[in-house]
Amino acid sequence: KKDTGKIKIGVVTNCTDPFWDLCEAGAKKAAQEFDVEVLFRQPEGLDVAKQMPIVEAFVQQGVKGIAISVINPKGQKKDLTRIAAEVPLITMDNDADADTGRLCYIGVDNKEAGRAVGRLVKKSLPPEKGGTIAMFIGSDVSANGTARTQGVLDELATPDANGTAATRKINGKDVPGKMYGKYFLVDGEAKTDGGPEKNPQQYPHAMLGRLENVPDVCLIGLYAYNPPAILSAVKSKELVGKVKIVGFDENPVTLRAVAAGEVEGTVVQDPYNYGYKSVEVLAAVARGDKSKMPSGSLSYQVVTKDGGPDETINGLHIKFPRAADYENVVKAQFASIGK
Amino acid sequence: MPTLRLEVTGARKQFPGVLALDGVSITVGSGEVLAVVGENGAGKSTLMKIVAGVYTPDAGEVKLDGRPVRFTGPGDAIVAGVILIHQELNLAENLTVADNLFLGREDTRGGALRVLNRRTMGDRAAALLARVGLPAALASARVENLPPGEKQLVEIARALGTEVRLLIMDEPTSSLTQKETEQLYRVIDALRADGVSVLYISHRLAEVKRVADRVTVLRDGRNAGELAKAEITHDNMVRLMVGRDLTQFYPKVHRTGTGGAPVLKLSGVRYRGGPETPATLEIRAGEILGMAGLVGAGRTELSEAVFGVRPLVAGELVLNGTPIRIASPVDAIAAGVLLVPEDRRLHGLVLPESVGFNLSLPNLDKLGSLLGLKRRAETALHRTWIDRLRVRTPNAAQPVGLLSGGNQQKVVYGKWLARDPKVLILDEPTRGVDVGAKAEIYALVDELVGKGVAVWMITSDMEELLGMSDRVVVMHEGMVAGELAGAKLTEEAVMRLATGGTGT
Amino acid sequence: MTRILGVLGLLVALYAALIESNPAAGSTRNLIYVANNQGRYGIVTLGAALVIIVGGIDLSIGSVVGCAAVLFGVLMEQGVHPFAAAGWVLLFGASVGLVNGLLITRLRLQAFLVTLCGMFVYRGVARMIGGAINLPSVTDAHPEFTGALNTLAYVMTGKNEKGVLIFPAMFALLLVLAAVVGFLVHRTAYGRYWYAIGHNELAAKYAGVNVNRQRVIVYVICSTLAALGGVLLLLNDSTISSDTAGASLELYAILGAVLGGCSLRGGEGTALGMVLGAMVLPVLETLVSFRGLKNDVIPAVIGLTLLLGTIVDELIRRRSRVHR
Amino acid sequence: MTRILGVLGLLVALYAALIESNPAAGSTRNLIYVANNQGRYGIVTLGAALVIIVGGIDLSIGSVVGCAAVLFGVLMEQGVHPFAAAGWVLLFGASVGLVNGLLITRLRLQAFLVTLCGMFVYRGVARMIGGAINLPSVTDAHPEFTGALNTLAYVMTGKNEKGVLIFPAMFALLLVLAAVVGFLVHRTAYGRYWYAIGHNELAAKYAGVNVNRQRVIVYVICSTLAALGGVLLLLNDSTISSDTAGASLELYAILGAVLGGCSLRGGEGTALGMVLGAMVLPVLETLVSFRGLKNDVIPAVIGLTLLLGTIVDELIRRRSRVHR
Ligand SMILES: Nc1ncnc2c1ncn2[C@@H]1O[C@H](COP(=O)(O)OP(=O)(O)OP(=O)(O)O)[C@@H](O)[C@H]1O
Ligand SMILES: Nc1ncnc2c1ncn2[C@@H]1O[C@H](COP(=O)(O)OP(=O)(O)OP(=O)(O)O)[C@@H](O)[C@H]1O
Ligand SMILES: [Mg+2]
Ligand SMILES: [Mg+2]
């Protein structure tokens with residue numbers, strides 16, 4: 001492959017996922033606009049041991065800027081500090097400590113985004129009455145996962161953010177869990193399923209079995225593939241509408257279901273923008289211009305069936321797009337990289 | 001009376017569906033060679049495995065030098081000086097000859113680190129190989145590259161490398177030719193002189209007569225009698241083993257023996273990996289072509305080339321006047337050229353599968369269509385060949401690997417006889433087969449020849465060669481060294497050609 | 001017979017524990033759901049088991065499932081009718097098997113290596129031809145496919161157009177395919193050849209079996225079943241990602257086969273065993289979910305249960321075998 | 001000899017392509033980095049290869065690496081001195097191997113099943129004892145460990161206290177361990193036993209070799225090396241997650257062994273081959289990064305390159321083999 005002589009920017013994600021395809025689309029777009037070459041890499045499965053060799057290769061190739069989705073902020077700190085000293089480094093999607101020397105963070109605050117999920121839950125099961133909730137997530141170890149989960153619970157739990165242990169008798173069985181406000185979280189933790197390849201519908205399916213005939217149930221899916229999996233389980237048991245669903249991220253199936261009123265809403269991060277912004281910032285920095293760096297975290301968006309006017313929440317300017325519209329946006333983004 | 005080296009009393013061993021041993025007793029004195037003979041499945045190997053700690057008997061006692069022993073594994077027996085050379089080869093073929101000679105009792109230094117003393121082992125290996133008549137250079141060869149006969153000699157050499165007090169040889173000569181067998185006799189004589197006791201199993205009764213001081217006969221898992229040195233004759237042994245006399249051991253009833261039209265012709269055949277000199281020979285209708293040669297003379301390889309296992313690089317095969325192309329056993333079988341292979345465990349049988357499975361395997365095309373096997377036809381086929389060959393098995397569903405060695409060989413026969421061969425290649429056809437069954441097989445072969453089948457019989461058993469062949473081709477170092485027939489067909493002439501001498 | 005007693009016992013125990021765990025767990029609806037998952041696993045297990053019988057191994061199964069699912073979606077997006085697309089996907093599977101088989105038999109490469117390379121390659125191909133695939137995008141682009149897709153989904157996964165699970169179509173499909181495999185394996189010459197090859201390739205060769213051809217046939221069957229698994233995956237889940245679809249399925253398929261009595265040394269296994277073996281993991285996973293076990297202990301519980309089942313299985317087998 | 005010609009050729013080609021791809025790729029710094037990764041792979045490959053030589057397989061390697069890494073971190077968090085913690089972790093590895101070995105030899109279970117169960121179990125144990133592990137948390141809780149940890153990291157991974165890679169310590173460690181393995185395998189009686197067992201267990205048994213004990217020894221070595229791999233993983237990356245640490249490493253380890261000339265049928269393999277085999281994947285991965293390949297094509301490129309290497313290897317081997 002010929003060296004184009006253009007400025008090279010490296011972008012590395014935390015795992016492989018269609019979510020990151022959207023990010024790549026944004027990065028490619030920015031690469032064109034700002035006349036740089038982007039090396040975009042998705043390492044396998046949330047593994048630092050797979051991610052760091054890619055970063056190392058970026059450094060050695062003389063890239064003029066690196067954007068990284070940090071997997072473990074604390075653990076990776078030393079390496080990130082070392083790399084930031086060599087190459088302009090920004091974090092995206094998941095932040096590292098500011099004293100690593102990373103220039104800026106491009107991404108939403110996952111805890112804040114989690115709170116937005118919590119608000120959607122509250123909308124479907126009003127807090128006065130509460131209800132029974134179950135959460136599904138790919139990993140309860142990764143930083144974005146824990147922050148997101150905590151955000152949801154914080155929002156529901158006021159005032160007791162840690163929850164109180166509780167047991168409920170459901171269909172004749174004692175089910176342990178935790179109370180957050182008036183919400184009973186089954187098993188007291190977000191259920192992990194180990195990834196989209198591990199047949200993720202079976203977990204919500206079994207949960208629906210355990211919660212048979214229980215009123216006011218809301219299932220929450222926190223990784224991109226979770227809401228479609230929940231939806232599939234709910235559909236297969238003919239519980240659409242009876243069981244509430246709140247989602248995260250912009251899987252087209254999720255967006256479609258929001259538009260159809262089958263899912264309450266989904267909180268999206270706009271990964272396209274992550275990619276675009278990252279490349280824009282790094283291209284500018286490479287050319288000596290540091291003005292493009294955002295100061296705080298980006299805003300998430302809340303997609304609902306009918307959408308709504310923008311709001312400012314906790315100092316963030318939040319958009320409420322209509323699901324049908326947002327679906328078209330995502331489709332166009334996928335299409336731009338031929339997917 | 002000096003204490004006996006070995007005394008087995010009332011040994012009993014029950015396998016699922018088979019009572020292999022039912023109260024067998026034997027004794028061997030020190031420096032004595034006791035031959036154990038009996039029909040296939042009589043329990044000889046089982047008895048030896050009990051003595052050598054491979055099996056534990058269900059009942060009975062084993063005494064070594066007067067003391068009762070109970071080995072929990074072959075390792076114990078080896079330590080006690082009891083060495084068994086199994087009927088089937090048991091070598092780590094991925095290692096060298098030297099490695100195998102010392103496997104399990106390496107000469108090492110460095111304590112628990114067990115660093116190999118290559119030098120000393122190399123020297124000892126050379127000495128051991130010399131004792132069985134193998135060149136010292138063979139020590140560094142990988143065992144898998146040796147012909148079966150040499151592997152057998154390596155097994156024997158290995159047994160000699162230990163502090164042996166009782167050496168058990170279960171058909172050590174089944175793949176050896178006369179020359180190596182003679183060498184083995186010398187080894188046994190030397191051992192005997194050193195006071196080592198030997199248990200010797202063989203179906204070649206002439207050998208038994210030559211080496212044994214005494215003979216014990218087993219029948220159906222029981223003692224059937226004993227013969228002192230003076231009583232050891234072919235007929236005595238046969239009578240005790242089979243329970244009757246055998247007449248017409250080498251029948252020549254159905255065949256004319258000469259003059260048939262050539263059925264298969266090899267002209268100028270060379271095969272990949274074979275010798276430079278091409279082989280030319282023909283096998284005629286109505287005759288048995290015997291093929292002799294020393295171990296490794298290349299007989300097996302030549303037959304495998306004809307059978308399509310080794311690709312031809314030159315020459316031509318002509319079957320009944322038309323040139324044919326045989327690129328694989330599939331082709332050979334389709335043309336009616338069938339091979340009873342030398343190594344039944346490797347090439348002849350699917351050991352874990354049943355007797356019936358193995359009998360059916362090459363005949364499935366004849367048992368209905370490939371997609372619809374006719375169960376009844378298949379059962380009939382099984383019954384026919386189990387009966388005709390008197391395979392000693394509880395039923396057709398018995399895994400063939402659990403049969404005695406000779407009975408396994410019969411199953412290999414059954415596989416092929418169920419088809420109608422045009423050319424039947426028999427490579428060591430009666431390896432491990434008892435005298436009674438041998439007679440039956442010979443009769444069968446004679447009958448086939450009478451029907452016009454051309455038989456090519458490769459054998460290392462001189463008696464069999466001379467008794468059955470109408471014409472003999474002798475191979476030496478991969479080449480056809482000469483042909484003998486009629487009055488010229490004598491043991492001396494065969495040996496002369498086989499060792500590189502001239503025909504006359 | 002004793003080969004399947006162990007896994008049968010394990011299954012009975014797991015089902016008993018499942019039904020005991022929660023009334024809803026024993027409901028027809030839940031059992032149908034579990035059966036469907038078993039069907040999905042089982043279909044790829046059949047293929048893996050056949051390959052294991054001939055003494056081979058196929059690590060590319062998971063990637064082929066994923067690649068087939070992606071291909072199925074992409075073809076339909078491109079306007080290929082769903083039935084035709086499914087046909088092409090099966091053909092794709094067959095060619096993958098052909099390539100695997102030829103590399104293994106003609107070039108005599110180790111099956112492990114060839115299929116591990118295949119695992120990388122077909123994952124890569126899946127990524128190259130598509131990213132996130134979903135059925136709604138297909139019907140958006142081609143509304144005329146809706147009917148055919150619904151029919152296909154109903155017949156193959158038992159879900160109606162609303163996504164309601166009506167009957168365990170995937171399990172039914174498994175039974176049909178297992179019957180076919182059982183027929184091939186236990187009643188035809190092919191089965192004999194495969195067992196013979198698995199136990200002793202040379203003896204099979206000397207008996208006139210075209211060993212290479214039979215091996216290739218088996219790899220073709222295996223990959224075709226994997227491709228069918230891919231079609232089912234997309235139909236059932238309606239959304240998949242090329243990065244992960246089918247990943248690790250080869251391990252589960254091999255696990256099912258081995259639990260069902262296949263030995264990786266080759267030459268052993270029964271169709272009934274394959275089905276039973278494949279049924280274990282889905283029940284176990286459902287059981288674990290219904291028990292509401294903590295996330296952290298789940299892998300250990302699954303591993304220990306399987307191990308225990310294996311041990312019991314071996315002990316049963318040993319009792320029935322008198323010696324050695 | 002010919003067993004390693006192929007992989008040697010593949011390596012040379014890959015290095016040539018790497019150096020050609022970019023001036024920086026051939027820099028000492030980059031080559032050290034690659035060597036270190038090779039060391040890390042190689043150490044677990046040695047263990048996998050030994051198990052393969054005796055005709056077994058160990059699928060639990062990846063989980064044991066992960067579990068060992070987590071255990072190492074947790075022990076230090078609990079106040080166990082880093083050196084002692086590393087010692088305990090190796091002991092943990094040895095006991096895992098002992099359990100695997102005993103289950104396989106005494107209960108005569110299939111190695112594939114036992115170690116697949118182990119794969120679940122040790123992943124589960126890792127999750128149960130810890131989630132995300134970081135060295136900074138350890139030194140936060142126990143500042144007195146900083147010195148010892150830095151020493152350990154320097155000696156074992158070649159990184160100084162700032163995380164700068166000074167020398168390829170993991171590769172050096174691999175060479176030392178490979179020398180030990182090579183010595184065992186090629187110069188001691190144990191090696192003879194392992195090869196014999198792998199090729200023909202019965203022959204070894206009849207020769208009086210304690211087959212079971214030797215098998216257990218090999219599994220113990222394998223799991224101990226995997227545990228060492230876990231220690232290196234945490235020291236090198238400073239952070240790991242119990243979910244993913246070491247995942248799929250068993251496949252890469254087996255791949256390395258097989259590329260290096262081990263046959264899964266057992267009885268074959270050389271220490272030199274193991275090292276060379278393990279060196280392939282890290283160079284290939286680096287090469288792919290330096291070429292700036294599009295993300296989507298990478299798995300396919302890796303798979304095809306390995307396949308090509310395998311084919312060339314086989315052709316070389318075949319030319320040098322006169323017969324059959
Ligand atoms: N492991 C086993 N399981 C079941 N049956 C067995 C087993 N080993 C031997 N047998 C049976 O026990 C009987 C005695 O076998 P054995 O091998 O001792 O005979 P043998 O006298 O050595 O015969 P041959 O001359 O053919 O070698 C045979 O019927 C055989 O089928
Ligand atoms: N001394 C030897 N060292 C190594 N290989 C040998 C030796 N002698 C013969 N061979 C090999 O043995 C092969 C011939 O064996 P083959 O089995 O065809 O002979 P055979 O006449 O059938 O002998 P056997 O009676 O042992 O079966 C040839 O490949 C030859 O290279
Ligand atoms: Mg015998
Ligand atoms: Mg021969």
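Just so you know, these numbers come straight off a predicted model, no measurement behind them.
The choice from C/Ala24, C/Gly292, C/Gly62, C/Pro282 that makes the most heavy-atom pairs within less than 4.5 Å of chain A is C/Gly292. Among A/His205, A/Met207, A/Gln42, the residue with the largest count of heavy-atom pairs under 4.5 Å with chain C is A/His205. Between chain C and the residues A/Ser236, A/Ala206, A/Gly209, the most heavy-atom pairs under 4.5 angstrom are made by A/Ser236. The candidate from A/Ile337, A/Asn213, A/Asn251 with the greatest count of non-hydrogen atom pairs under 4.5 Å with chain C is A/Asn251.
A heavy-atom distance below 4.5 Å is not found between the side chains of C/Asn22 and A/Glu212. At least one side-chain heavy atom of C/Asp296 sits under 4.5 Å from a side-chain heavy atom of A/Asp140. Residues A/Gln201 and C/Asn37 form no side-chain contact, since every pair of their non-hydrogen atoms from C-beta on lies 4.5 Å or further apart. Side-chain contact between A/Lys331 and C/Asp140: present, with at least one pair of heavy atoms (C-beta onward) separated by less than 4.5 Å.
When atom types are taken as modelled, the side chain of A/Glu189 and the backbone of C/Asn295 share a donor-acceptor pair closer than 3.5 angstrom. Using a distance-only test at 3.5 Å, with no hydrogens or angles considered, a donor-acceptor pair links the side chain of C/Lys294 to the main chain of A/Asp187. With hydrogens and angles disregarded, no donor-acceptor distance shorter than 3.5 Å links the side chain of A/Asp21 to the backbone of C/Gly131.
Interface remark: C/Asp237 contributes backbone and side-chain atoms alike to the contact with chain A (heavy atom separation under 4.5 Å). For chain A, no part of C/Ile166 is nearby; none of its heavy atoms comes within less than 4.5 Å. Neither the backbone nor the side chain of C/Ser242 comes within contact range of chain A; no heavy atoms are under 4.5 Å apart. Of the atoms belonging to A/Ala190, it is backbone heavy atoms, and not side-chain ones, that fall under 4.5 Å from chain C. For chain A, the nearby part of C/Pro23 is the side chain; its heavy atoms alone come within less than 4.5 Å. For C/Ala247, the parts sitting under 4.5 Å from any heavy atom of chain A are the backbone and the side chain alike.
The two residues C/Leu293 and A/Lys191 have their closest heavy-atom pair at O-NZ, 3.0 Å. Taking all atoms of both residues into account, the shortest heavy-atom contact from C/Lys159 to A/Ser232 is NZ-OG, 3.2 Å.
Salt-bridge annotation for C/Lys162 and A/Glu262: absent, with no side-chain N of the basic residue lying under 4.0 Å from a carboxylate O of the acidic one. In this structure, C/Arg127 pairs ionically with A/Glu44, as a charged nitrogen and a carboxylate oxygen lie closer than 4.0 Å.
Here CZ of A/Phe334 is found 9.0 Å from OG of C/Ser137. Values are rounded to the nearest 0.5 Å. Here the straight-line distance linking atom CZ of A/Arg210 with atom CZ of C/Arg291 works out to 10.5 Å at 0.5 Å rounding. Here the straight-line distance linking atom OH of A/Tyr225 with atom OG1 of C/Thr244 works out to 8.5 Å at 0.5 Å rounding.
Remark: the A/Lys198 side chain and the C/Ser248 side chain contain no N/O donor-acceptor pair separated by less than 3.5 Å. In this structure, a donor-acceptor pair under 3.5 Å is absent between the side chains of C/Asn134 and A/Arg256.
In this structure, A/Lys29 places its NZ atom where only 12 or fewer heavy-atom neighbours from other residues, nucleotides or ligands lie under 6.0 Å away.
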Worksheet item: side-chain contact (heavy atoms from CB on, under 4.5 Å) between C/Tyr33 and A/Lys237: does it pass, once the steps are laid out?
Response: CA-CA 9 Å; C/Tyr33 183 81; A/Lys237 295 198 150 196; over 6 Å; no

